[in-house]
Every structure is written in C-alpha cells, then in structure tokens.
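Each remark here refers to the structure printed beneath this line.
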Amino acid sequence: MSSKKNSTTKVLTLFGFFALTASMVMTVYEYPSFATSKLAAVFFTILGGVFWFLPTALVSAEMASVKGWEDGGVFGWVSHSLRSEKLGFFAVFFQWFQITVGFVTMSYFIIGILSYVFNWPALNNNPLFKFLGVLIVFGTITLLQLGGTKYTAKIAQWGFVGGIIITSIVFFGLAITYLAQGNPVQISFSWHALFPNFHNAGTLTIFATFILAFTGVEASASHVNELQNAEKNYPLAIIMLVVLAIVLDAAGGLSVAAVIPQKTLSLNGGIYQTFKTLLFHFNPHLTWLLDILVLMIVFGVVAEIGSWVVGPSRGIQVATEYGLLPQQLRKKNKHGVPVVILAVQAVMVTIWDAILTFGGGKGNISFLVATTLTTLLYLVCYFCMYIAYFVLIFKHKKAQRTYNVPGGTIGKVICGVCGTLTSIFAFVVSFIPSSALPGKEAKTFQIILVICFIIALIIPFILTAFQKQYIKNSKYEIKHFDFAEEDAEEDTGTCVEDNIHHNMHASPSH
C-alpha cells in the first residue's frame with residue numbers, strides 16, 4: 001500500500017535499484033565452493049534463491065518502509081518491532097560481527113590467487129605467511145578507507161564492473177565454448193546427480209555457502225522508499241535478481257566443477273585453476289591474459305572489502321548513540337569515519353585470522369570454517385529479523401508502511417515461514433563437516449567452528465551487561481526510542497511519524 005510521498009524522493013529507477021542490489025550480493029570467488037556440490041549446485045541455488053533470498057528481500061523491504069523505521073537498518077527494525085533496543089543491538093552486532101570473519105575469507109581468496117600469479121605456493125600453504133598476508137591485505141584496505149568514502153566509491157564501481165561483470169562474461173564464454181566442443185568433464189550430468197545425497201549429511205553442509213552468497217540483500221531494502229513505484233518495481237527487481245543469481249551461481253559452480261577435478265580443487269584458488277585450464281586449452285601462451293583476468297577479480301574483491309569495511313560499522317556506530325557500547329567508540333575523524341570502531345574491527349579480524357589460519361592449518365579447512373562461521377553469525381541476525389517481522393505483521397498491523405509483501409497476511413506468513421525454516425535448515429547443516437574433508441580434517445573443522453561460534457555468541461551479552469556504566473560515564477547525549485509514544489499512536493490508529501527515530505532523552509550529564 002503506497003503512501004503519497006514527495007515524488008522528488010523517488011530517485012531510483014527499476015534498473016538503478018537492481019544494479020545497487022546486485023552489487024551487494026553477487027560475487028565470483030565463491031564459485032569453487034559451489035563446485036564442491038557438483039551438479040547439486042543447481043538444487044542448492046534454487047533452494048536458497050526461492051526459499052531464502054526472495055523471502056528475505058521482501059521481508060526486509062516491508063520492515064524498511066515502516067514509518068519511523070527507515071533509519072538504523074536492522075538495529076531500528078528489531079528495536080521498534082520487539083520494543084527493545086538491546087535486542088536490536090544483538091541483531092546489528094551479528095550483522096557487523098559476521099563480516100569480521102568474512103574479511104578473512106575474502107582475504108584468503110586474494111592470497112590464494114596471488115600465490116598462483118607469483119608462483120609462490122607457500123603464501124597460501126604456510127600458515128605464518130598466510131596469517132601475515134591477511135593482515136597486510138586487510139590493513140592496507142582499511143587504511144584507504146580513513147579518507148572517507150568519496151575516494152573509494154569509484155574504486156568500488158570499477159571493481160564491480162571489471163572484477164565481476166567483465167571477468168564473468170569471459171569466464172562463462174570460455175566455459176561454454178569448452179563444453180560445446182565436447183571436451184571431457186569432471187562431473188556426471190544426470191537427473192540423479194542433480195540432487196544431493198540426503199543419506200550423507202556431509203553433502204548438505206555446503207548449503208551454508210549458497211546462503212552466504214545471498215546475504216546482504218537487507219542492506220538495499222533501506223532504499224525502498226527511494227524506488228519509483230515501489231509496490232510494482234521492488235518485487236520485480238528482486239525476482240530478476242533471484243533468477244540472475246540462481247543462473248550465475250549455478251553456472252559458475254558447474255563450470256568450475258566440470259573443468260577441475262574435485263581432488264585438486266582449491267577453494268580460494270579454484271577460479272585461477274579454472275581460468276588457467278580453459279585459457280591454456282585454447283592457447284597455452286596466454287599466461288599474460290590469465291594474470292590480467294585473475295588480477296581483475298582480485299581488484300573486484302579488494303573493492304568489495306573496501307565497501308564492507310565502513311558499511312556495517314555504521315550500524316554499530318548507531319548502537320553506541322543509544323548507550324549500548326562504550327562511548328569511546330563514537331569517535332570519528334574529520335571525514336566522518338568511525339576510526340575507533342575500525343580499530344576494534346581490525347583487532348577482531350586479526351584474532352579470527354590467527355584462530356582460523358593456525359587452527360585450520362593448510363588446505364581447505366580454514367577457508368571452510370571461515371565461510372561457514374560467517375554464515376552462522378549472519379543467520380543469527382536474520383533470526384532476530386524474522387522474529388521481529390512476525391511481531392510486526394501480527395502485533396503492529398496499524399504501523400503505516402509504503403511497501404507490503406504481496407498476498408496480504410497469508411502471503412506475509414508464507415514468506416516469513418519459508419525464510420525462517422530455510423534459515424534453520426542452513427544453520428543446522430552448517431555444523432556438519434563437509435564430505436570433501438577427510439576424517440581428521442572433518443573433526444578439526446567441527447571443533448574450531450563450534451568453539452568460534454560459542455565465543456561469538458557470548459560477546460554481545462558481555463558488552464551489553466555494562467550498558468548502565470556506559471551511560472553513566474558518557475559525555476555524549478544518549479538517545480532512546482520512544483516506544484510508549486509508538487504504542488499510543490498505533491492504538492489510536494495514527495501512523496508513526498518519520499522523525500520518531502530521532503525522539504530521545506538526554507542522559508544526565510556527568
């Protein structure tokens with residue numbers, strides 16, 4: 001149900017919104033992980049795309065469009081719906097915390113590629129070199145963000161075009177030509193192979209990687225109020241993106257699986273292996289082109305890391321304004337960058353780097369733990385979001401919004417149930433070691449994953465336990481959501497005002 005807002009605020013076209021969302025969720029470096037499921041990659045991408053990605057996108061759009069809930073992202077949605085700033089903090093904390101692990105995953109990919117380009121296997125296989133490599137990659141990219149986003153926006157755009165769009169076109173062009181020529185493939189194409197082996201639970205854990213490929217769509221939902229004809233264009237843009245993501249992710253995983261044998265497949269170097277095999281099949285003297293293409297992909301990942309370095313930390317910055325974290329974290333530099341939060345983020349990345357690299361050793365264990373842990377932490381955020389959504393559609397029906405999930409209450413419930421059940425399924429199977437890991441490595445994977453996840457769960461409880469102390473010692477004004485006013489407005493049937501997010505009470509000065 002659209003509200004009559006000023007048309008000048010509707011600045012995003014259908015294509016503009018589609019491009020914005022696609023740049024947040026589409027990647028190339030996860031194709032090798034998809035390849036481990038062979039032809040079943042098609043099954044997993046359809047399952048994740050239809051039953052998780054689509055519901056999550058639609059649910060996020062509705063929550064983002066509620067009057068007064070537009071600001072603060074997940075923190076604001078969960079806080080308003082559940083009437084609890086602390087629960088809102090839990091959601092945004094895991095949205096931010098997962099990327100501290102994700103940075104290690106993305107850095108692993110860069111290191112894996114560079115080890116091939118420079119013919120330096122030790123960079124990827126020696127734990128010490130790998131650990132230092134992650135620090136250098138992430139540290140350098142973080143320092144580049146201190147000047148503000150105006151210097152990195154163009155890099156992000158060029159990285160997306162060059163590192164994803166162009167390289168994907170070349171990649172799929174080579175793969176299609178290779179297969180069309182009747183060259184031998186490494187996987188079986190049959191109806192039976194289309195489905196995972198449900199009797200072997202280890203084949204299901206890879207589903208976490210497919211969910212990870214779709215995460216982040218809630219970030220673009222905050223722009224739904226800027227989208228022209230949102231009721232029609234938002235679901236259309238999301239359906240287009242779901243179809244495209246399913247096709248590209250399935251095709252990318254199948255391309256790698258068809259060309260590279262499973263036994264020699266490197267999860268963070270598989271793209272290089274595949275490009276090399278395909279290019280050298282047509283011309284063994286194309287080493288220079290191979291290096292250019294994979295370095296373009298590296299540039300794309302660097303741009304992706306750069307866009308994530310400051311982005312999620314802004315949600316944490318909002319939480320500090322509500323007294324949920326030490327007030328020292330509110331400090332920004334002259335460019336508006338939350339430097340203290342970035343410093344804490346860098347420390348967390350270093351800790352994860354040490355745990356995952358030295359704990360996982362060489363091979364694929366550390367990469368699998370990093371990607372799986374990232375998914376688990378992000379799913380905690382989504383659990384909070386889905387709970388908040390059910391409360392919204394049943395308890396806050398009168399809250400005015402500019403976008404509604406199609407199908408009325410029944411459509412909303414179906415959407416929420418699909419997303420929740422798929423999230424639970426992905427969460428459970430994530431703890432099962434992949435069948436691609438030998439016995440000892442599988443046990444190591446499971447032990448590291450469980451320990452890291454438990455540690456991550458405890459942290460926000462410890463942080464919020466000192467909330468009263470943070471507020472008491474704060475030299476800043478502390479904000480609070482006025483839930484009583486929101487309840488009163490809903491009871492009288494009036495809409496929540498746009499500026500409700502800014503209603504606050506100043507804490508006593510000290």
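Quick caveat: nothing in here was measured; it's all calculated off a predicted structure.
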List the steps and the verdict of side-chain contact (heavy atoms from CB on, under 4.5 Å) for F210 and L47. CA-CA 9 Å; F210 289 87; L47 177 65; over 6 Å; no
Dump the intermediate steps for side-chain contact (heavy atoms from CB on, under 4.5 Å) on L449 and L376, then the final yes or no. CA-CA 10 Å; L449 181 64; L376 286 171; 3.7 Å; yes
Show your working on side-chain contact (heavy atoms from CB on, under 4.5 Å) between Q345 and F138 and close with a plain yes or no. CA-CA 11 Å; Q345 182 171 267; F138 180 74; 4.1 Å; yes
Going through the distances and angles, do V369 and I355 end up as a side-chain contact (heavy atoms from CB on, under 4.5 Å)? CA-CA 10 Å; V369 172; I355 293 174; over 6 Å; no
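Within a 6.0 Å radius of CG in L128, other residues, nucleotides and ligands contribute more than 12 heavy atoms.
Put simply, the side chain of V242 does not reach to within 4.5 Å of the side chain of F214, judged on heavy atoms. Within the 4.5 Å cutoff, side-chain heavy atoms of V309 are placed close to those of F103. Proximity of V344 to I316: side-chain heavy atoms (C-beta onward) are nowhere separated by under 4.5 Å. In this structure, the side chains of P32 and I271 come closer than 4.5 Å at one or more pairs of heavy atoms. For the pair K276 and Y116, the minimum side-chain heavy-atom distance is 4.5 Å or more. In this structure, the side chains of F172 and L248 come closer than 4.5 Å at one or more pairs of heavy atoms. Between Y272 and S115, the closest side-chain pair of non-hydrogen atoms is not below 4.5 Å. The side-chain heavy atoms of F390 and V417, taken from C-beta on, include a pair separated by under 4.5 Å.
Judged by distance alone, with hydrogens and angles left aside, the side-chain atoms of S190 form a donor-acceptor pair with the main-chain N or O of A193 at under 3.5 Å. A donor-acceptor pair is defined here as one N or O able to donate and one able to accept, closer than 3.5 Å; no such pair exists between the side chain of E62 and the backbone of K412. At distances below 3.5 Å, not a single donor-acceptor pair connects side-chain atoms of Q446 with backbone N or O atoms of P433. Side chain of T371 to backbone of L368: a donor-acceptor contact under 3.5 angstrom is found. At distances below 3.5 Å, at least one donor-acceptor pair connects side-chain atoms of T45 with backbone N or O atoms of V42. Side-chain atoms of T209 never come within 3.5 Å of backbone atoms of S33 as a donor-acceptor pair (strictly under, hydrogens ignored). Under a 3.5 Å cut-off, the side chain of N183 and the backbone N or O of Y178 do form a donor-acceptor pair.
Here the CG-OG distance, from N124 to S266, works out to 5.5 Å after rounding to the nearest 0.5 Å. Within the model, atoms CG of L265 and OG1 of T36 stand 7.5 Å from one another, a figure rounded to the nearest 0.5 Å. To the nearest 0.5 Å, the span separating CD1 on I99 from CD1 on I305 amounts to 8.5 Å. Here I166 contributes atom CD1 and I297 contributes atom CD1; the two are 11.5 Å apart, rounded to the nearest 0.5 Å. Atom CG of L356 is separated from atom CZ of F131 by 11.0 Å, given to the nearest 0.5 angstrom. From T167, atom OG1 reaches atom CD1 of I292 across 13.0 Å, with rounding to the nearest 0.5 Å.
Shown are Y386, Y382, Y389; of these, the side-chain hydrogen bond (donor to acceptor under 3.5 Å, both in side chains) with T56 is made only by Y386. Among L123, I136, V298, L132, the one residue that satisfies the side chain to side chain contact (heavy atoms under 4.5 Å, CB included) test with I111 is L123. Of the candidates T422, L241, L58, L241 is the only one forming a side chain to side chain contact (heavy atoms under 4.5 Å, CB included) with F53.
Using cut-offs of 30° and 60° for the angle between ring planes, the F431 and F427 rings count as perpendicular. Between F275 and F171, the ring planes are perpendicular. Angles over 60° get that label, and only those under 30° would be called parallel.
The shortest non-hydrogen separation linking L54 to I238 is CD1-CG2, 3.5 Å. Of all heavy-atom pairs between C415 and V59, the closest is SG-CG2, 4.4 Å. Contact record, V78 with C384: CG2-O, 4.0 Å, taken as the closest heavy-atom pair. Shown here for S423 and W52, the closest heavy-atom pair between the two residues is OG-NE1, 2.8 Å. Contact between F94 and P460 at its shortest, heavy atoms only, is CZ-CG, 3.7 Å. When all heavy atoms of L14 and N233 are compared, the closest pair comes out as CD1-O, 3.4 Å.
F97 and W352 have their aromatic ring centers within a separation under 6.0 angstrom. Here the two rings, on F75 and F93, have centers that are 6.0 Å apart or farther.
Evaluation of the side-chain hydrogen bond (donor to acceptor under 3.5 Å, both in side chains) test over residues 134-143, restricted to residues two or more places apart or in two chains, returns none.
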